[in-house]
Amino acid sequence: MYRSFKNSEALSPVIGTIMMVAVAVILTGVIFSVIGPDPIRSAPQAGIIASSDSIGSDIVVKLTHQGGEELIFTEAQTKIIISGSSNADGTVSFSNLVTESDRKFTTGDSLYLYIAGGDVCIGNSTLPNADHTDIAQSGETVDIRVLDVNSQQMIADISARF
């Protein structure tokens with residue numbers, strides 16, 4: 001006579017292991033979606049206008065903060081790109097904003113873009129002693145883009161006509 005041995009005990013640990021792995025994967029997914037990576041950051045919202053102006057004999061761009069959130073002008077947090085001028089194109093240097101209060105740009109504040117020593121700089125109404133050049137010529141339109149470094153989003157895209 002033929003005897004058949006059925007061993008159902010061998011299948012039980014395999015199914016249990018598969019079930020535990022599936023539960024672990026699902027729980028990991030749920031925890032990651034709840035906690036997840038850093039939340040999506042958004043750029044600060046600020047109303048900024050640009051206009052042509054002069055300080056002494058230098059032609060400059062005047063940036064005025066009309067409202068919204070405070071901006072911090074440091075290379076780590078903000079980038080300003082200027083284009084359209086025959087005298088200036090590229091990224092603005094924040095090296096002349098020395099103190100913490102100089103770097104804060106809040107409602108009602110005005111800052112000036114100017115060329116000193118061949119670089120486009122930003123500063124307050126007193127330009128440091130340096131070799132100044134007019135930022136633009138008559139008839140030119142200078143485009144200014146203010147970008148938030150952390151979120152990689154644009155804060156302002158403005159123009160000043162000279």
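If you take CG on Leu97 and NZ on Lys104, they are separated by 13.0 Å, rounding to the nearest 0.5 Å. Taking CG from Asp157 and CD1 from Ile155, the interatomic distance works out to 12.0 Å, rounded to the nearest 0.5 Å. To the nearest 0.5 Å, atom CD1 of residue Ile82 and atom CD1 of residue Ile122 are 10.0 Å apart. Between the CD1 atom of Ile80 and the CG atom of Leu63 there is a distance of 6.0 Å, given to the nearest 0.5 Å. A distance of 12.5 Å separates CG of Leu113 from NZ of Lys62, quoted to the nearest 0.5 Å. Atom CD of Gln152 is separated from atom NZ of Lys79 by 7.5 Å, given to the nearest 0.5 angstrom.
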Task: Stepwise side-chain contact (heavy atoms from CB on, under 4.5 Å) test for Glu70 and Ile72 - done: CA-CA 7 Å; Glu70 173 183 83; Ile72 306 295; 3.6 Å; yes
- [ ] Give the intermediate values and the outcome of side-chain contact (heavy atoms from CB on, under 4.5 Å) for residues Ile55 and Tyr114.
- [x] CA-CA 10 Å; Ile55 296 178; Tyr114 60 93; over 6 Å; no
TODO: Show your reasoning for whether side-chain contact (heavy atoms from CB on, under 4.5 Å) applies to Thr78 and Val146.
DONE: CA-CA 7 Å; Thr78 311; Val146 182; 3.8 Å; yes
- [ ] Apply side-chain contact (heavy atoms from CB on, under 4.5 Å) to Ile48 and Gln66, showing your working.
- [x] CA-CA 6 Å; Ile48 301 171; Gln66 289 193 307; over 6 Å; no
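The local environment of CD in Glu100 is sparse, with at most 12 non-hydrogen atoms from other residues, nucleotides or ligands closer than 6.0 Å.
Tested against Ile115, the residues Thr133, Asp58, Asp134 include a single side-chain contact (heavy atoms from CB on, under 4.5 Å) partner, Thr133.
Across every non-hydrogen atom of Glu140 and Gln137, the tightest pair is OE1-N, 2.7 Å. In this structure, Asp89 and Gly84 approach most closely via the heavy-atom pair OD1-N, 3.1 Å. When all heavy atoms are compared, the tightest approach of Thr64 to Ser110 is OG1-OG, 3.4 Å. A pairwise comparison of heavy atoms in Val61 and Ala50 identifies CG1-CB, 4.1 Å as the closest pair. When all heavy atoms of Cys121 and Val92 are compared, the closest pair comes out as C-CG1, 3.8 Å. Scanning all heavy atoms of the two residues, the minimum distance from Phe162 to Ile135 falls at CZ-CG2, 3.8 Å.
Using a 4.5 Å cut-off on side-chain heavy atoms (C-beta onward), Gln77 and Val149 make no contact.
Relative orientation of the Phe94 and Phe73 rings is parallel, given thresholds of 30° and 60° on the angle between their planes.
Of the possible donor and acceptor atoms, none in the side chain of Arg145 sits under 3.5 Å from a partner among the backbone N and O of Ala156. The backbone N or O of Ala43 lies less than 3.5 Å from a partner atom in the side chain of Gln45, making a donor-acceptor pair.
A side-chain donor from one of Ser159 and Asp143 sits under 3.5 Å from a side-chain acceptor of the other.
In terms of hydrophobic clustering, with Ile, Leu, Val, Met, Phe, Trp and Tyr side chains grouped at heavy-atom distances under 4.5 Å, Leu147 and Phe105 are assigned to different clusters.
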